[in-house]
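We number each residue from 1, following the sequence as shown. Owing to the predicted nature of the structure, the values given are computational and were not obtained by experimental measurement.
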Amino acid sequence: MDFPTAKSVWKQKNKSSTIKINGTMSKEIFVAFATQKGGIGKSTVTALAASYLHNVKGYNVAVVDCDDPQHSIHGLREHEMGLIDSSTYFKALACDHFRRIKKNAYTIVKSNAVNALDDAERMIATEDVKPDVVFFDMPGTLRSNGVIKTLSQMDYIFTPLSADRFVVESTLKFVTMFRDRLMTTGQAKTKGLHLFWTMVDGRERNDLYGIYEEVIAEMGFPVLSTRLPDSKKFRRDLSEERKSVFRSTIFPMDTALLKGSGIREFSEEISDIIRPQ
């Protein structure tokens with residue numbers, strides 16, 4: 001696979017969609033990382049999980065970036081493409097990577113919560129290699145138009161938590177509302193709603209998480225066993241100054257940086273839950 005061929009697959013398709021939700025969704029697994037609290041690293045976790053499942057686990061992945069107007073994941077892809085275009089080193093590295101995994105970088109669709117489902121269905125219909133998993137990076141507030149409608153069509157939702165009382169209270173209100181008003185009434189197709197701890201400070205008391213988890217368990221919500229640390233490596237993007245990379249939409253995570261990050265365990269845990277075919 002030469003670089004121009006790989007690059008052509010990365011380009012986004014921007015034609016307007018006429019596909020509407022008609023009750024018959026694709027067989028691909030739709031997964032969202034969603035919360036109504038911003039600044040908790042949702043987009044970063046989406047990009048890292050997508051990278052691990054695509055590059056390491058071997059699944060075909062796509063991402064619908066509907067976190068409008070930030071579009072952090074789509075912006076990261078554009079940043080990486082710019083570096084590869086201007087660097088012989090990164091160009092060769094990309095070609096070597098694609099030869100090794102025998103496929104291209106995963107598709108990223110720039111969208112918003114209103115059009116996310118239509119854009120996802122159009123992407124699936126036009127891709128030669130159908131994705132096993134489609135990740136949706138949602139806006140950080142339920143008040144954005146289309147958020148609830150889009151979330152109701154997810155097969156699985158994973159919601160980040162941090163050990164802050166306001167974050168926990170806000171998150172529990174969100175998941176309780178979604179479960180009681182949409183899942184139990186059959187208005188959502190969601191099979192599983194899971195919480196997970198992120199931005200964990202190693203100096204925090206472990207019993208604090210235990211106390212929170214007792215309350216969460218009483219409310220009937222499962223919590224992933226993997227806790228993601230608050231680490232600067234999560235923001236280590238591709239750059240000309242350094243060769244090792246952690247957060248990337250193209251390259252796999254550097255093995256040395258992956259160690260101790262929790263991303264391997266986190267992604268394996270998610271894979272066991274959603275069970276892509």
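Ring geometry for F178 against F174 counts as tilted: the plane angle lies between 30° and 60°, on a 0 to 90° scale. Using bins of under 30°, 30° to 60° and over 60° for the plane-to-plane angle, the ring pair F33/F135 lands in the parallel bin.
In this structure, R227 forms no cation-pi arrangement with F266, as its terminal cationic atom is not both closer than 6.0 Å to the ring centre and no more than 45° off the ring axis.
With hydrophobic clusters built from ILVMFWY side chains whose heavy atoms lie under 4.5 angstrom apart, F30 does not share a cluster with V129. The hydrophobic cluster containing M177 also contains V175, counting ILVMFWY residues as joined when their side-chain heavy atoms lie under 4.5 angstrom apart, directly or transitively. Residues V167 and Y212 do not share a hydrophobic cluster, clusters being chains of Ile/Leu/Val/Met/Phe/Trp/Tyr side chains in contact below 4.5 Å. Note on L208: it clusters hydrophobically with M219, by side-chain heavy-atom contacts below 4.5 Å among ILVMFWY residues. L76 and I84 are not part of a single hydrophobic cluster, where members link through side-chain heavy atoms under 4.5 Å apart.
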What verdict does the side chain to side chain donor-acceptor pair (under 3.5 Å) test give for D137 and H74, after you've listed the backbone C-alpha separation in whole Å, the side-chain angles of each residue and the deciding distance to 0.1 Å? CA-CA 10 Å; D137 184 29; H74 183 269; over 6 Å; no

Verdict with reasoning, M199 to L228, per side chain to side chain contact (heavy atoms under 4.5 Å, CB included): CA-CA 6 Å; M199 302 178 75; L228 299 179; over 6 Å; no

List the steps, then state whether salt bridge (charged side-chain N to carboxylate O under 4.0 Å, His left out) holds for E169 with R165. CA-CA 6 Å; E169 289 178 355; R165 183 169 62 87; 3.3 Å; yes

As a quick check of understanding, evaluate side chain to side chain contact (heavy atoms under 4.5 Å, CB included) for F136 and V31, giving each step before the final call. CA-CA 6 Å; F136 290 73; V31 177; over 6 Å; no

For I274 and V133, run side chain to side chain contact (heavy atoms under 4.5 Å, CB included): C-alpha distance rounded to whole Å, both residues' side-chain angles, the deciding distance at 0.1 Å, then the answer. CA-CA 9 Å; I274 66 178; V133 184; 4.0 Å; yes

Take K110 and D65 through the salt bridge (charged side-chain N to carboxylate O under 4.0 Å, His left out) test and state the conclusion after the steps. CA-CA 5 Å; K110 184 178 181 181; D65 185 351; over 6 Å; no

When you look at D237 and F246, which way does the side chain to side chain contact (heavy atoms under 4.5 Å, CB included) test go after all the steps? CA-CA 6 Å; D237 299 334; F246 191 72; over 6 Å; no

Before you tell me yes or no, could you show the steps for R122 and D119 under salt bridge (charged side-chain N to carboxylate O under 4.0 Å, His left out), namely the whole-Å CA-CA distance, both residues' side-chain angles and the distance that decides it to 0.1 Å? CA-CA 5 Å; R122 185 186 65 210; D119 288 343; 3.6 Å; yes

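Checking side-chain atoms of S86 against main-chain N and O of L83 turns up a donor-acceptor pair under 3.5 Å. Panel note: side chain N112, backbone D68; no donor-acceptor pair is recorded below 3.5 Å. A distance-only check finds no donor-acceptor pair linking the side chain of Q153 to the backbone of L117 [under 3.5 Å]. Judged by distance alone, the side chain of E269 and the main-chain N or O of T226 form a donor-acceptor pair under 3.5 Å. For the pair H54 (side chain) and V61 (backbone), a donor-acceptor distance under 3.5 Å is present. Although no hydrogens or angles enter the test, the distance criterion places no donor-acceptor pair under 3.5 Å between the side chain of K57 and the main chain of Y52. Using modelled atom types, one side-chain atom of T150 and one backbone atom of G146 make a donor-acceptor pair closer than 3.5 Å. Although no hydrogens or angles enter the test, the distance criterion places no donor-acceptor pair under 3.5 Å between the side chain of D67 and the main chain of Q70. In this structure a side-chain-to-backbone donor-acceptor pair under 3.5 Å is missing from S271 to E268. In this structure, the side chain of T185 engages the main chain of L182 through a donor-acceptor pair within 3.5 Å.
When side chains are defined from C-beta on, I273 counts as touching H194, because their heavy atoms get closer than 4.5 Å. The side-chain heavy atoms of E28 and K130, taken from C-beta on, include a pair separated by under 4.5 Å. In this structure the side chain of M183 reaches within 4.5 angstrom of the side chain of L193, judged on heavy atoms. Contact check for I270 versus L224: side-chain heavy atoms found under the 4.5 Å cut-off. Using a 4.5 Å cut-off on side-chain heavy atoms (C-beta onward), M123 and D118 make no contact. With contacts defined as side-chain heavy-atom distances shorter than 4.5 Å, the pair V223/W197 qualifies. Side chains of S51 and S248 form no contact here, defined as non-hydrogen atoms less than 4.5 Å apart. Contact check for R235 versus R247: side-chain heavy atoms found under the 4.5 Å cut-off.
One distance of note links CG of D128 with CG of N60; it measures 11.5 Å at 0.5 Å rounding. In this structure, CZ on F98 lies 6.5 Å from CZ on F251, to the nearest 0.5 angstrom. Rounded to the nearest 0.5 angstrom, R179 CZ and T176 OG1 are separated by 5.5 Å. The distance from atom CG of L172 to atom OG1 of T159, rounded to the nearest 0.5 Å, is 10.0 Å. The CD atom of E213 sits 9.5 Å away from atom CG of L195, with the distance rounded to the nearest 0.5 Å. The line from CG of D96 to NZ of K91 is 15.5 Å long, rounded to the nearest 0.5 Å.
Taking a 6.0 Å sphere around CZ of R100, one finds it holds more than 12 heavy atoms contributed by other residues, nucleotides or ligands. Few gaps surround CG on D230; more than 12 heavy atoms of other groups in view lie less than 6.0 Å from it. Counting heavy atoms of neighbouring residues, nucleotides and ligands inside a 6.0 Å radius, atom NZ of K173 does not exceed 12 of them. Within 6.0 Å of NZ on K259 lie no more than 12 heavy atoms contributed by other residues, nucleotides or ligands.
In terms of heavy atoms, A113 sits closest to C66 at N-CB, 3.6 Å. For L257 against K233, the heavy-atom pair with the smallest separation is O-NZ, 2.8 Å. Here the shortest heavy-atom pairing between P252 and V245 reads O-CG1, 4.0 Å. Closest of all the heavy-atom pairs between L238 and F90 is CD1-CE2, 3.4 Å. What you find for S111 and V64 is that their closest heavy atoms are CB-CG1, 3.9 Å. Taking every heavy atom of both residues into account, A47 and I73 meet most closely at N-CD1, 4.1 Å.
A centroid separation of 6.0 Å or more is found between the aromatic rings of F196 and F158.
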